[in-house]
Amino acid sequence: MSMTSQSPDFVIFATDEWFAPASNLLKREPPEFIASAFTEYGKWMDGWETRRKRIPGHDWCIIQLGVPGIIHGLDVDTSFFTGNYSPSASVQAACLGMDDSLTLEGDRTGMAASDSQFEAVAKLHSELWEELVPVTELKPGYSDTCHNYFPITYPSRVTHLRLNMYPDGGIARLKVYGVGQKDWSALPTQDQLDLVALVNGGVCLGYSDAHFGHPRNMIGLGRSANMGDGWETARRLDRPKNLQVDGKGILQVPGYEWAVLRLGHPGVISQIEIDTNHFKGNFPDSCKIEACHLTPEEEGKYVSGRWSSDPGNKWRVLLQPQKLQAHHRHFYSCDSLALSGPVTHVRLVIAPDGGVSRLRLWGRPTSTRHISKL
């Protein structure tokens, strides 16, 4: 689910991929156009493009989300498809089990679905799935018209999407925005999980600065691919002209940056990982983590106020200030943590500025479910 960070979404079926494969829809980087690029099948395009249809029907594909959850918005991006974009599209959704029997492997350029693939996908009855976006005209792929954004108000968990284009043509990217949702009822309560992970429902609710990279990247899957796949702030302008350190080697600076995240489920945190992978000359000097337990109503108040009226009397230190290293995974066990009760939110504070690639909060979910309207 490209709602926030890198996720292993993948296409499990596409009717036709003649000019460009449907897997391009899921690329994280923006689409590009290379005027001189051609393949044996025609013009190379950075998106999904089908042949000009000369048989009944329309083209469509099915995407399995890497992060199942609640969808709040979709962007059907037609970038660079100007005379060959799909005139109209619709999107359907379903919540299914993860089935590995449907897969598309390798370079699919110049290919179309086989009879056996059509037979296999027919068992999903995707034509009957819930409609998130009705049949809607798309705009051409010029820079000022390429983003076709659709707000979604569908309350159920989604694992699969069906993207229909009518009747054929090209779409560069499909971006899916929302919040991951795990089926907590199927999980033994004694299991240790990363409670703030995107895939487990973690979400960034606020931050002080995200000049080079959004803090939601910190809760993405795996280790970061590069500095852009992390949270990085601008250099603070209130840095002292001559830097001094305390007895622990921590810089004495007046300013700091922060990010607030909601856990996917309330829980007791027993281990923390702070990874500065790829941040070699721009890692924070130090960090600390605070935590609290907020009701949905309290959260809503602070979010609407952009955390300007800070719940200062609720934040409690979870991890005391720690000196950080460049390009390094820092682990802190329960012996280093100052809180032992359940929490719903955390605030990562870095000083004076810099970048963190990943934040992991390992712990045990508690029985009380935190449900937010956001």
Side-chain angles (χ1 to χ4, degrees), residues 1-7 28-30 67 69 72-73 75 77 147 149 173 175-180 194 196-199 201-239 251 253-264 272-292 299-300 302-311 315 319 324 326-327 330 345-361 372 374:
M1 208 174 200
S2 57
M3 49 190 171
T4 46
S5 191
Q6 187 174 10
S7 58
R28 190 178 184 192
E29 61 272 14
V67 181
H72 294 305
D75 180 16
D77 182 354
H147 292 287
Y149 183 77
R173 298 287 188 270
K175 295 297 184 183
V176 185
Y177 301 95
V179 178
D194 181 2
V196 78
L198 174 72
V199 70
V203 62
C204 177
L205 297 175
Y207 55 90
S208 58
D209 183 273
H211 190 86
F212 295 110
H214 199 287
R216 64 175 169 238
N217 292 335
M218 293 188 296
I219 59 176
L221 299 178
R223 296 196 76 193
S224 61
N226 49 49
M227 285 197 306
D229 187 22
W231 173 39
E232 185 183 359
T233 73
R235 300 190 192 210
R236 289 189 64 88
L237 300 180
D238 58 0
R239 304 188 312 281
L251 287 180
V253 291
Y256 58 86
E257 306 293 352
W258 55 268
V260 174
L261 303 107
R262 182 210 304 150
L263 306 185
I272 294 173
E273 176 187 348
I274 298 172
D275 190 356
T276 57
N277 191 29
H278 301 296
F279 292 103
K280 300 176 181 179
N282 50 351
F283 61 98
D285 175 71
S286 65
C287 76
K288 68 176 181 178
I289 298 179
E290 300 165 321
C292 65
E299 178 194 278
Y302 295 124
V303 169
S304 63
R306 297 182 181 273
W307 301 90
S308 57
S309 57
D310 184 50
W315 290 119
L319 180 69
L324 297 178
H327 190 54
H330 309 75
H345 295 69
V346 296
R347 179 167 65 177
L348 173 62
V349 179
I350 59 173
D353 48 42
V356 175
S357 62
R358 290 292 185 267
L359 172 66
R360 305 297 187 200
L361 303 176
S372 174
L374 298 181

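For clarity, every value in this text was computed on a predicted model and none was experimentally measured.
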Quick one: list whatever passes ring-ring contact (aromatic ring centres under 6.0 Å, His included) with His330, sequence neighbours left out.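 Testing His330 for ring-ring contact (aromatic ring centres under 6.0 Å, His included), a comparison that skips the adjacent residues, returns His328.
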Taking ring-ring contact (aromatic ring centres under 6.0 Å, His included) as the definition, give me every residue that meets it alongside Tyr207, ordered by chain and number, with sequence neighbours left out.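 Tyr207: ring-ring contact (aromatic ring centres under 6.0 Å, His included) contacts with His214.
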Count the heavy atoms belonging to other residues, nucleotides or ligands that lie under 6.0 Å from OH of Tyr256, then report whether that count exceeds 12.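 Result for OH/Tyr256: open.
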Reported [atom1]-to-[atom2] distance for the pair [X] and [Y], which is rounded to 0.5 angstrom:
| X | Y | atom1 | atom2 | value |
| --- | --- | --- | --- | --- |
| Arg347 | Cys292 | CZ | SG | 8.5 Å |
| Asp353 | Asn282 | CG | CG | 9.0 Å |
| Leu198 | Asn217 | CG | CG | 10.0 Å |
| His345 | Leu263 | NE2 | CG | 7.5 Å |

Identify the two heavy atoms, one from [X] and one from [Y], that lie closest to each other, and give their separation to 0.1 Å.
| X | Y | answer |
| --- | --- | --- |
| Asp285 | Pro352 | CB-CD, 4.1 Å |
| Glu290 | Val349 | OE1-CG2, 4.1 Å |
| Val196 | Leu261 | CG2-CB, 3.9 Å |
| Phe279 | Glu232 | CE2-OE1, 3.6 Å |
| Gly255 | Ala351 | O-CB, 4.1 Å |
| Gly355 | Pro284 | O-CD, 3.0 Å |

Minimum side-chain heavy-atom gap [X]-[Y] below 4.5 Å:
| X | Y | result |
| --- | --- | --- |
| Leu251 | Arg239 | no |
| Asp229 | Arg28 | yes |
| Leu348 | Cys287 | yes |
| Ile289 | Ile274 | yes |
| His211 | Thr233 | no |

Just by distance, do the side chain of [X] and the backbone of [Y] share a donor-acceptor pair under 3.5 Å?
| X | Y | answer |
| --- | --- | --- |
| Thr276 | Val356 | no |
| Asp75 | Lys175 | no |
| Arg173 | Glu29 | yes |
| Arg306 | Gly206 | no |
| His327 | Asn277 | no |
| Ser208 | Trp258 | yes |

Checking Asn226 against His278: is there a side-chain donor and acceptor pair closer than 3.5 Å?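 Per modelled atom types, His278 and Asn226 side chains form no pair under 3.5 Å.
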Walk me through it: do Leu319 and Lys288 pass the test side chain to side chain contact (heavy atoms under 4.5 Å, CB included)? CA-CA 5 Å; Leu319 180 69; Lys288 68 176 181 178; 5.7 Å; no
Do Leu205 and Trp307 pass the side chain to side chain contact (heavy atoms under 4.5 Å, CB included) test, and can you show the C-alpha distance, the side-chain angles, and the key distance before you say yes or no? CA-CA 9 Å; Leu205 297 175; Trp307 301 90; 4.0 Å; yes
Against Trp231, only a single residue in Arg358, Glu257, Arg216 fulfils side-chain contact (heavy atoms from CB on, under 4.5 Å); can you say which?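 By the side-chain contact (heavy atoms from CB on, under 4.5 Å) criterion, Trp231 pairs with just one of Arg358, Glu257, Arg216: Glu257.
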